[in-house]
Amino acid sequence: MILDFFQQKLNLLFSFYGPDLWDNPAVLRSYLQEACPQSEYNWLVCSVVVLSELRIPQKIHNKQSGRDDSKWLEEIVAEITQKCPVGEDDAAAAFFACLNTIGTNPLVNRNQYAKLTDAFLETLNHYDLESLISKAITGQQIFLKPGTYYISNTINIDKPLSIIGAGPDKTRICCNGARQILRYCHQGKLTLQKIAFYESSIAGEGGIVSVFNGFADITNCWIVGNEVDRTAPSSSMGLEFVLSQGKIEKCHVVNISANGIFIGNNSNFEVSHSVVEANRGEGIKIFDSTIYMHNSLVCNNDSNGIKAKNVQGEIVSSKITGNGFDGLRFEDSHELSITENVFRKNKNTGVFALGEGSLHIENNECSENEWVGIFCHGSCIGMVRNNICMHNSYAGLGAAGDSMVMFVGNLCKENQVLGISLLQRANCKVAENYCVSNFDAGIGVGDEASPEIKQNYCENNCGDGIRIWGQSKPQIDEKKKKKN
């Protein structure tokens with residue numbers, strides 16, 4: 001590795017020149033140009049030579065001897081800012097801060113010099129990442145050492161690559177003026193692992209990481225937004241996938257200024273063991289695509305946890321909680337299975353289905369939502385079965401519009417108004433549900449609804465077991481209606 005070579009040669013130079021090394025800028029420049037290709041490590045050549053030209057050891061000695069004023073470090077950083085390329089002065093400043101922390105001349109004390117060398121090598125991670133990627137060959141693995149990599153321009157990738165860090169808590173790529181970090185456009189595979197990507201403070205469009213017409217494998221990565229004014233308009237996203245496929249595994253997408261993840265235009269993705277939280281828009285937004293999501297957490301997003309239209313696939317064994325509107329809101333989705341999830345404490349419904357969807361909603365817990373646990377609207381058909389809908393602010397289950405879903409075997413308990421609400425022209429089959437201990441009626445039928453209500457357990461509700469109003473004409477089999 002080039003950085004290992006750098007360390008070896010720097011130690012060799014020091015052993016030969018001793019403290020006089022920093023008084024030989026010509027030697028330093030020659031060595032650096034040989035060890036580090038200038039096209040990739042230009043800032044290193046510049047900043048280290050500037051170091052020697054500024055006589056840093058002498059300045060440190062003057063500070064220790066009390067012969068210099070207290071602003072010596074600020075003056076050095078100011079000179080570096082002028083002489084180093086834009087965006088590279090931070091690395092040099094970090095080096096000077098390290099000198100100051102050590103507190104003695106590192107060129108005299110060899111033990112402390114070793115510490116300085118290690119810290120200086122850490123700053124080498126500020127090299128030109130875009131150049132490194134552009135020079136990589138197809139299919140190459142690029143390993144990024146711990147540190148923070150700043151970019152000023154979006155890195156466009158047009159070939160299959162693997163970019164692997166040392167862990168998202170150790171390897172960070174930060175926007176420094178760019179609106180996006182990576183944009184991948186190729187039918188081959190892009191692999192991103194163990195990296196944290198940080199959003200720019202400049203609100204923009206597109207994803208921090210965007211994939212178009214490709215395959216992406218994103219594992220153990222953090223996608224982190226900035227904390228600037230969250231009221232400012234923005235359409236940026238954490239991860240954006242268009243005409244693409246792949247997987248998102250063990251990732252954390254947080255605090256993005258718009259949507260956390262966007263999947264659209266005939267994309268196909270698996271999302272597993274990931275956290276999508278505290279984003280300003282939707283946590284996950286999916287259109288005309290396929291998703292297989294499991295064992296994930298979508299929480300505390302400002303809008304819907306998940307918003308989907310014309311989507312197929314499955315959402316299973318996940319938690320969708322505390323979102324600013326619906327936990328899951330989907331429309332016209334005919335082959336979407338929603339099973340064994342928890343939808344809790346969302347500001348509207350746990351699950352809101354609308355349009356012409358065909359539903360398979362089974363074995364979920366929908367509790368403590370601020371309207372309804374599961375609500376079906378439009379001309380939905382399909383099955384809502386064996387769900388637990390408790391402690392919701394209005395009803396456990398609800399249907400309206402021309403909905404024709406089947407509510408079977410659900411537990412609707414201790415909801416603030418109704419166990420099951422059937423409104424407008426709902427023509428549902430409601431059978432073998434347990435509607436108990438709700439604060440008003442077990443089942444409410446109003447407007448022009450004409451459901452078939454058969455063999456439900458309605459007991460211990462504060463009001464009626466089944467309440468009917470308006471022009472509704474339900475068909476009721478009260479065999480299992482109990483005392484309320």
**Prompt:** Is there a donor-acceptor contact under 3.5 Å from the side chain of Lys159 to the main chain of Ser134?
**Reply:** yes
**Item:** Donor-acceptor pair, side chain of Asn279 and main chain of Ile256, under 3.5 angstrom
**Value:** yes
**Prompt:** Mind checking whether Pro160 and Tyr184 have side chains closer than 4.5 Å, heavy atoms only?
**Reply:** yes
**Prompt:** Between Leu359 and Phe330, does a side-chain contact (heavy atoms from CB on, under 4.5 Å) hold up when you go through it step by step?
**Reply:** CA-CA 10 Å; Leu359 311 183; Phe330 67 97; 3.4 Å; yes
**Donor-acceptor contact present, side-chain Ser333 to main-chain Val311, <3.5 Å** = yes
**Message:** Nearest 0.5 Å, please: how far is CE in Met390 from CG in Leu411?
**Reply:** 6.0 Å
**Prompt:** Do side-chain atoms of Asn295 reach the backbone of Ser272 as a donor and acceptor pair under 3.5 angstrom?
**Reply:** no
**Request:** Indicate whether the side chain of Glu240 and that of Ser210 have a donor and an acceptor atom separated by less than 3.5 Å.
**Result:** yes
**Asked** Looking only at heavy atoms, which two atoms of Ala399 and Cys428 are closest? And how far apart?
**Response** CB-SG, 3.6 Å
**Asked** Of all residues at least two apart in sequence or in a different chain, which pass the side chain to side chain donor-acceptor pair (under 3.5 Å) check with Asp217?
**Response** Thr219
**Request:** Output all residues satisfying side chain to side chain donor-acceptor pair (under 3.5 Å) with Gln193, sequence neighbours left out; order by chain, then residue number.
**Result:** none
**Asked** Atom CD of Glu249 and atom CG of Asn220: how far apart are they, to the nearest 0.5 Å?
**Response** 9.0 Å
**Request:** Measure the shortest side-chain to side-chain distance between Phe375 and Ser421 over non-hydrogen atoms and say whether it is less than 4.5 angstrom.
**Result:** no
**Prompt:** If you measure from CG on Asn427 to CG on Leu422, what distance do you get to the nearest 0.5 Å?
**Reply:** 10.0 Å
**Message:** Strictly distance-based, threshold 3.5 Å: is any side-chain N or O of Gln424 a donor or acceptor partner for the main-chain N or O of Ala400?
**Reply:** no
**Request:** Would you indicate whether the side-chain heavy atoms of Leu397 and Ile374 approach each other to under 4.5 Å?
**Result:** yes
**Asked** At their closest point, which heavy atom of Phe407 faces which heavy atom of Gly398, and how far apart are they?
**Response** CZ-O, 3.6 Å
**Message:** How about NZ on Lys309, more than 12 heavy atoms from neighbouring residues, nucleotides or ligands closer than 6.0 Å, or not?
**Reply:** no
**Request:** Show your reasoning for whether side-chain contact (heavy atoms from CB on, under 4.5 Å) applies to Ile157 and Ile163.
**Result:** CA-CA 11 Å; Ile157 304 175; Ile163 305 175; 4.1 Å; yes
**Message:** Using every non-hydrogen atom in the two residues, find where Ser472 and Val445 come nearest and quote the distance to one decimal.
**Reply:** OG-O, 3.4 Å
**Asked** Hey, does the side chain of Asn341 reach the backbone of Ile320 with a donor-acceptor pair shorter than 3.5 angstrom?
**Response** no
**Request:** Output the distance between atom CG (Asp326) and atom CG (Asn348), rounded to the nearest 0.5 Å.
**Result:** 4.5 Å
**Prompt:** Phe241 and Phe269: which non-hydrogen atoms are nearest, and at how many Å?
**Reply:** CD2-CZ, 3.2 Å
**Message:** Please determine whether side-chain contact (heavy atoms from CB on, under 4.5 Å) holds for the pair Leu418 and Asn438, giving the CA-CA distance in whole Å, both sets of side-chain angles, and the decisive distance to 0.1 Å.
**Reply:** CA-CA 6 Å; Leu418 302 172; Asn438 297 288; over 6 Å; no
**Item:** Gln140 atom CD, over 12 foreign heavy atoms within 6.0 Å
**Value:** yes
**Fill in**
So CG of Asn346 and CZ of Phe325: to nearest 0.5 Å the spacing works out to 11.0 Å
**Asked** Under 3.5 Å, is there a donor-acceptor pair between the Glu270 and His294 side chains?
**Response** yes
**Request:** Work out which heavy atom in Ser267 is nearest to a heavy atom in Val242; give both atom names and the distance.
**Result:** OG-C, 3.5 Å
**Fill in**
Hits for side chain to side chain donor-acceptor pair (under 3.5 Å) against Arg183, two or more places apart or cross-chain, chain-then-number order -> Asn156, Gln180
**Message:** Once salt bridge (Lys or Arg N to Asp or Glu O under 4.0 Å) is applied, what residue pairs with a partner in residues 370-393 remain, sequence neighbours excluded?
**Reply:** Lys347-Glu370, Glu362-Arg385
**Fill in**
Residues Tyr394 and Asn415: closest non-hydrogen pair is O-CB, 4.1 Å
**Item:** Min side-chain heavy-atom separation Ile476-Ile468 under 4.5 Å
**Value:** yes
**Asked** For the side chain of Ser296 and the backbone of Ser274, is there at least one donor-acceptor N/O pair under 3.5 Å apart?
**Response** yes
**Message:** Are the side chains of Asn460 and Ser437 in contact, using a 4.5 Å heavy-atom criterion?
**Reply:** yes
**Request:** Kindly write out the residues that satisfy salt bridge (charged side-chain N to carboxylate O under 4.0 Å, His left out) with Glu414, not counting sequence neighbours, or none if the list is empty.
**Result:** none
**Contact check, side chains of Ile443 and Cys458, non-hydrogen atoms, under 4.5 Å** = yes
**Message:** Any donor-acceptor pair under 3.5 Å linking the side-chain atoms of Gln416 with those of Ser393?
**Reply:** no
**Request:** With side-chain hydrogen bond (donor to acceptor under 3.5 Å, both in side chains) as the test, would you mind laying out the steps for Ser379 and Glu356 before giving the verdict?
**Result:** CA-CA 5 Å; Ser379 54; Glu356 300 178 353; 4.6 Å; no
**Asked** Below 4.0 angstrom, N of the basic side chain to O of the carboxylate: do Asp402 and Arg425 qualify?
**Response** yes
**Full working for side-chain contact (heavy atoms from CB on, under 4.5 Å) between Asn259 and Lys307** = CA-CA 10 Å; Asn259 303 316; Lys307 184 176 182 180; over 6 Å; no
**Request:** Verify the distance criterion only: is there a donor paired with an acceptor across the side chains of His252 and Glu277 at less than 3.5 Å?
**Result:** yes
**Prompt:** What distance separates Glu448 CD from Leu423 CG, expressed to the nearest 0.5 Å?
**Reply:** 11.5 Å
**Asked** Hey, does Glu314 have a side-chain heavy atom less than 4.5 Å from the side chain of Thr339?
**Response** no
**Asked** Are the side chain of Asn392 and the backbone of Asn369 linked by a donor-acceptor contact shorter than 3.5 Å?
**Response** yes
**Message:** Quick check against the 3.5 Å criterion: does Asn268 have a side-chain atom that pairs as donor or acceptor with the backbone of Gln245?
**Reply:** no
**Message:** List the residues meeting salt bridge (charged side-chain N to carboxylate O under 4.0 Å, His left out) with Glu331, not counting sequence neighbours, and say none if there are none.
**Reply:** none
**Request:** Say whether Glu340 and Asn363, considering side chains only, have a donor N or O and an acceptor N or O under 3.5 Å apart.
**Result:** no
**Asked** Is it true that a side-chain atom of Asn387 and a backbone atom of Asn364 form a donor plus acceptor pair closer than 3.5 Å?
**Response** yes
**Message:** Within the 4.5 Å heavy-atom criterion, are Val275 and Val254 side-chain neighbours or not?
**Reply:** no
